[in-house]
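The structure appears right after this line, and notes come after that.
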Number of protein chains: 2
Amino acid sequence: MRDLDVTFAALADPTRRAILARLAKGEASVMELAQPFVMSQPAISKHLKVLERAGLISCGRDAQRRPRRLETRPLRDANRWLENYRQFWDAQFRRLDDLLQDLQTGNPMIKKNKIKKKKSARLKGDQE
Amino acid sequence: MRDLDVTFAALADPTRRAILARLAKGEASVMELAQPFVMSQPAISKHLKVLERAGLISCGRDAQRRPRRLETRPLRDANRWLENYRQFWDAQFRRLDDLLQDLQTGNPMIKKNKIKKKKSARLKGDQE
DNA sequence: CATATATATAACCTAATAGTAATATAACAA
DNA sequence: TTGTTATATTACTATTAGGTTATATATATG
């Protein structure tokens, strides 16, 4: 899905995630959003344009101000995508999987980190 | 969090998301992963390196093959981050105040000490 | 040994990102 | 009007991303 490209790309920047976190408290002007950061105002405006293009914020108007507010549909969509993988990190699922394997083999010991292995291939763990 | 940068950036590419979807069915070699795509094998290897650097996959060895498998901890972490915003797209309302602290800590781009500019000073005039 | 297969690496190109400073625009205020 | 504030836009630069082709490396096999 093309939208996920833009959404995840927008979320990949800490400044933009901080902006979203700020907007979670309520709408804010560009100056208010820029205040915590060391970068210039045009840089913030650029980040806001990225967030806007991703549909993560929308823009209002109040005199000279253009208050932004959070729009959460892209967040919900990203969350839905991630939910497809929930079974892989869900601890309960993993414990259940181990329990089933133990029942099959008659092994009373609970093994940790038993995820579907295949053939004789060894898998090295992730680095960090 | 720096990890979220790399995770979201890795997820922002449709080829990489497709690779993860394939690996959700079980581990696969580079050739198997490359097969559905029109791009060259080195391009796939590059994508795999991105995914590996993000901790989203790990690498095993089986003769000449280097089967990749899904690693879901970054997905879980990304999901946790998104969960902070769940209330915005959920019907049910939850108090948000406790979350805000977590959302805004650990960001390297945030100023340590906010210095207020004098009201008579031109915004553009003085720079740090 | 020579060769085929699977994957990685190097060198290169192009386009996009993320920042800057300077300037433009638009609304308010005196 | 003049000036100030808030924001956007332009022009520029450096870095990174994503692709290519060509080549290197590692392993299996005849």
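Every chain is numbered from 1 and lettered A, B, ... according to where its sequence line falls, protein lines coming before strand lines.
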Under-4.0 Å side-chain N/O to phosphate OP1/OP2 contact, [X] with [N]:
{"X": "A:Ser45", "N": "D:dT7", "result": "no"}
{"X": "A:Ser40", "N": "C:dT20", "result": "yes"}
{"X": "B:His47", "N": "D:dA17", "result": "no"}

Q.
Going by the rule salt bridge (Lys or Arg N to Asp or Glu O under 4.0 Å), which residues pair with A:Glu52 if we only count those two or more places apart in sequence or in a different chain?
A.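 A:Arg68.
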Got a list of protein N/O to nucleotides 22-28 of chain D N/O distances below 3.5 Å?
residue	atom	partner	partner atom	Å
D:dT27	O2	B:Gln64	NE2	3.4

(Q) Parallel, tilted or perpendicular: which one describes the rings of A:Phe8 and B:Phe8, with boundaries at 30° and 60°? (A)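 Answer is parallel, since the angle falls under 30°.
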Grab the [atom1]-[atom2] distance between [X] and [N] for me, whole Å please.
{"X": "A:Ile19", "N": "C:dA18", "atom1": "CD1", "atom2": "P", "value": "12 Å"}
{"X": "B:Ile44", "N": "C:dT9", "atom1": "CD1", "atom2": "P", "value": "16 Å"}
{"X": "B:Leu51", "N": "D:dA17", "atom1": "CG", "atom2": "C1'", "value": "14 Å"}
{"X": "B:Phe8", "N": "C:dT17", "atom1": "CZ", "atom2": "P", "value": "17 Å"}
{"X": "B:Asp13", "N": "D:dT16", "atom1": "CG", "atom2": "P", "value": "18 Å"}
{"X": "A:Met31", "N": "C:dA27", "atom1": "CE", "atom2": "C1'", "value": "15 Å"}

Do the side chain of [X] and the main chain of [Y] share a donor and acceptor less than 3.5 angstrom apart?
{"X": "B:Thr72", "Y": "A:Phe88", "value": "yes"}
{"X": "B:Asp13", "Y": "B:Arg16", "value": "yes"}
{"X": "B:Tyr85", "Y": "A:Ala21", "value": "yes"}

Q: Return the 5'-most residue of the pair A:Arg65, A:Lys49 with respect to DNA chain D, ranking by each residue's nearest nucleotide.
A: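 Closer to the 5' end of DNA chain D: A:Arg65.
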**Q.** Gap separating the OG atom of B:Ser45 from the NE2 atom of B:His47, nearest 0.5 angstrom
**A.**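 Rounded to the nearest 0.5 Å, the OG-NE2 separation comes out at 10.5 Å.
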Q) Mind checking what makes side-chain contact (heavy atoms from CB on, under 4.5 Å) contact with B:Ala54, not counting sequence neighbours? A) B:Val6, B:Ala10, B:Leu56
Q. Start at the 5' end of DNA chain C and walk down; is the nucleotide closest to A:Ala12 or to B:Glu32 reached first?
A. B:Glu32
Q. Where each residue is assigned the nucleotide of DNA chain C containing its nearest heavy atom, which of A:Arg53 and B:Lys46 is assigned the position nearer the 5′ end?
A.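 Residue closer to the 5' terminus by nearest nucleotide: B:Lys46.
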